[in-house]
Amino acid sequence: MKKIDLVLGGVGGQGILTIAGVIAQTALRAGLNVKQSEVHGMAQRGGAVEAHLRLSPETVWSDLVPTGTAAVVCGMEPMEALRQRHYLAPGGCLVASTDPIPSGADYPPVADLIAELRKTPDAVLLPAAEMARIAGNARAANMVLLGAVAARLKLPEATVRAVIADLFKSKGDDVVEANLKAFAAGQDAASY
Amino acid sequence: MTSPLLLLGDEAIARGAIDAGISGCYAYPGTPSTEILEFIQGWQAKHGDILHSEWSANEKTAMEEALGMSYAGRRVLVCMKHVGLNVAADGFMNAAVTGVNGGLVIVVADDPSMHSSQNEQDSRYYAKFALVPCLEPANQQEAYEITRLGFELSERLNVPVMLRLTTRLAHSRANVRTAAPLPQRPVQMPDNARRFVLLPGIARRNYAALVARQPEMIRAAAESPFNALLPGADRTLGILAAGIGFNYLNESFGGPCPHPVLKLSQYPLPPELLKSFLESCDEVLVLEDGYPLLEEALHGPAGLNPRIHGRIDGRLPRTGELTPEHVAKALGRTLPPSAEPSPLLRQRPPRMCDGCPHIDAYKALLEALAETGPGHVFADIGCYTLGALPPFEAINSCVDMGASISMAKGAADAGFLPAVAVIGDSTFTHSGLTPLLDAVYADSPITVFILDNGTTGMTGGQTSLATGRLEQVCAGLGVAPEHIRTITPLPKQHAENVRVLKEEIYGHAGLSVIIARRECIQTARLKTPGRKT
Ligand SMILES: Cc1ncc(C[n+]2csc(CCOP(=O)(O)OP(=O)(O)O)c2C)c(N)n1
């Protein structure tokens with residue numbers, strides 16, 4: 001694996017740390033250096049949250065990804081994807097769920113948000129909740145997005161799947177299977 | 001083969017302390033320090049009860065309990081967020097004068113940018129104030145290693161040692177390699193127990209000895225493996241990089257820095273080191289994640305020196321945490337182009353969870369106070385502080401833990417009535433008992449509304465020390481039992497709750513306590529059997 005910078009955005013409680021954690025573990029198993037900066041505390045109560053993830057065979061210095069340098073920005077929610085868009089490097093890929101979580105009465109129409117996200121030439125926009133439900137677990141929307149990110153970053157598939165299986169092992173085989181299916185659905189949707 | 005550990009800065013400190021042979025860790029939760037004791041509790045659950053790891057009532061009791069364990073000859077860690085050190089400051093300052101027996105390391109996690117805090121005070125000033133060493137790791141590996149150094153320094157120099165970090169390191173994970181663990185130390189009396197008796201005669205001797213040990217502390221910093229002078233050919237600029245400032249510096253150059261760099265992670269610094277560095281370069285840029293402490297020291301008392309750049313001359317923003325962008329800009333590097341913020345963006349502040357008991361408590365309180373109008377609610381710190389935001393806008397103050405009750409009493413003393421205090425159960429046991437005693441003594445005409453969700457919610461659901469006993473605690477302090485009322489904040493209880501609140505706010509001219517008791521929706525959810533993600 002080579003050097004990868006990635007920024008995730010979402011609403012507190014949505015599970016962006018699970019996505020970050022799986023990619024970080026994958027990198028660790030591949031022998032890379034990792035820095036994973038997370039939001040804990042107040043914002044986790046339904047506020048806008050972000051996580052920065054940096055993987056490299058070399059030393060990783062900053063815990064934060066500098067703006068304009070991320071290979072992928074991944075949003076669990078359309079406006080939260082937009083909020084992190086400035087981290088994206090020119091030519092980078094924007095992965096986002098199109099399922100809105102309104103922030104308030106002035107939340108813009110979803111179609112406007114989607115049109116705005118599409119201004120990024122490489123945008124993978126997915127109805128992640130619906131895809132997760134079809135895969136067998138409505139809560140696995142984050143695994144759908146993880147699948148899309150993994151496909152774009154060409155993460156070693158077998159390792160990612162093994163990390164996901166380990167993560168959900170304690171919750172039973174059906175949960176593992178649904179999460180792996182959701183992951184595969186995201187992978188397929190983002191593959192060229 | 002053991003895979004490398006991926007640890008938060010907080011967790012690296014916790015693991016470093018375990019491996020340094022601590023016998024206990026004392027803490028009160030507070031972002032961004034909470035994960036230190038949580039890691040130790042998780043470790044205990046796996047490896048057996050080998051050390052003390054319960055939450056304390058507040059940072060002051062944590063600090064003093066730790067000093068007691070140090071007195072008994074064992075190594076001990078105490079952890080808090082920056083404002084927690086204000087609460088623990090009395091114990092902290094005086095522990096510098098007593099000195100230690102077993103090594104004592106105080107971890108203080110600062111929160112520049114106030115991600116989850118009321119201010120962004122820089123704890124390094126406290127270390128300087130107390131005349132004790134301060135360690136400031138640059139990364140997670142250093143956090144692990146410097147913790148062990150902290151215990152060695154503490155014992156060698158006979159002082160408590162501060163370990164200071166900021167949010168970004170506390171809450172970022174990286175690979176950490178561990179070293180062979182050390183055994184715990186046996187219980188052992190201090191060689192001279194009288195030095196813990198700070199009568200003026202003894203304290204004067206101790207304090208003189210503390211001052212006399214300063215050169216040794218400075219020498220330790222001069223020889224520290226965590227401080228380094230890195231040569232660079234281009235002396236038009238030198239860079240002083242403290243703590244994680246060092247990372248942003250290296251990030252900016254994406255390789256070796258062409259300028260001389262003074263990497264700093266241990267204080268107090270030798271003044272000659274700063275002086276000679278300043279003299280060796282045309283200009284100096286200071287990178288520190290916090291207040292401009294070093295920068296101020298470089299300028300000295302003679303006014304601003306135009307050769308020194310940083311937060312004071314505006315090269316870097318005066319407030320907020322350092323970022324890779326700010327540092328790159330201060331170094332004159334061009335940033336890659338990036339998307340402009342979209343006009344479609346809307347703020348998304350945190351809010352109380354759906355089904356949160358505080359919501360029903362506030363609805364009842366707002367209705368009860370409708371005839372008075374806004375402005376009469378002194379609140380406190382916790383999830384319920386989010387009641388300041390729309391749609392509730394139910395509270396008028398949030399200052400420091402416990403201040404709701406004391407401010408309500410002060411306002412009532414001034415004749416400002418009604419005066420209501422809103423305080424969470426954990427905040428109440430942290431710092432609400434003593435102001436309640438003031439109110440009992442004066443029979444203040446205030447109403448104290450304790451929002452008892454049975455946990456320390458804001459910081460993630462840690463034990464709350466008076467869960468199930470709040471009525472007895474209040475009665476024990478002397479609140480009249482007939483004015484200790486308990487309600488259940490639920491929509492179906494709304495009318496009844498408004499009635500009870502009105503009775504106590506308007507119908508009783510003395511002190512009342514109303515306890516709104518319903519479990520935090522988050523902790524309740526965690527307990528639901530068969531819950532799957
Ligand atoms: C001196 C100090 N210590 C710790 C904190 C961090 N802190 C903020 S809110 C909070 C918990 C409050 O718990 P509780 O009063 O029970 O209210 P809840 O969040 O459960 O509603 C803590 C520990 C702080 N702000 N100040």
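Proximity to chain A (any heavy atom under 4.5 Å) is shown, for L335(B), by neither the backbone nor the side chain. Contacts of S172(B) with chain A are made by both backbone and side-chain atoms, with heavy-atom separations under 4.5 Å. With a 4.5 Å cut-off on non-hydrogen atoms, Q140(B) touches chain A through its side chain but not through its backbone. Both the backbone and the side chain of H171(B) come within contact range of chain A, judged by heavy atoms closer than 4.5 Å. Using a 4.5 Å cut-off between heavy atoms, L249(B) makes no contact with chain A at all. For a residue to count as touching a neighbouring chain, one of its non-hydrogen atoms must lie under 4.5 Å from one of that chain's; by this rule V60(A) does not touch chain B. Contact of R54(A) with chain B is made through the side chain alone, with heavy-atom distances under 4.5 Å. Proximity to chain B (any heavy atom under 4.5 Å) is shown, for P66(A), by both the backbone and the side chain. Of the two parts of E340(B), only the backbone, made up of N, CA, C and O, holds a non-hydrogen atom closer than 4.5 Å to a non-hydrogen atom of chain A. For a residue to count as touching a neighbouring chain, one of its non-hydrogen atoms must lie under 4.5 Å from one of that chain's; by this rule P78(A) does not touch chain B. Heavy-atom distances place no part of C356(B) under 4.5 Å from chain A, backbone and side chain included. Neither the backbone nor the side chain of P32(B) comes within less than 4.5 Å of any heavy atom in chain A. Of the two parts of L53(A), neither the backbone nor the side chain holds a non-hydrogen atom closer than 4.5 Å to a non-hydrogen atom of chain B.
Interface check for chain A: of the options G9(B), G30(B), P324(B), the most heavy-atom pairs under 4.5 Å are formed by P324(B). Most heavy-atom pairs under 4.5 Å with chain B, from the set D106(A), L113(A), V39(A): that is D106(A). With respect to chain A, the highest number of heavy-atom pairs below 4.5 Å among L8(B), T323(B), L6(B) belongs to L6(B).
Listed by chain and residue number, E116(A) satisfy the salt bridge (charged side-chain N to carboxylate O under 4.0 Å, His left out) test with K119(A) (two or more places apart in sequence, or in another chain).
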Contacts table for residues 16-24 of chain A: side-chain donor-acceptor under 3.5 angstrom, sequence neighbours left out:
none

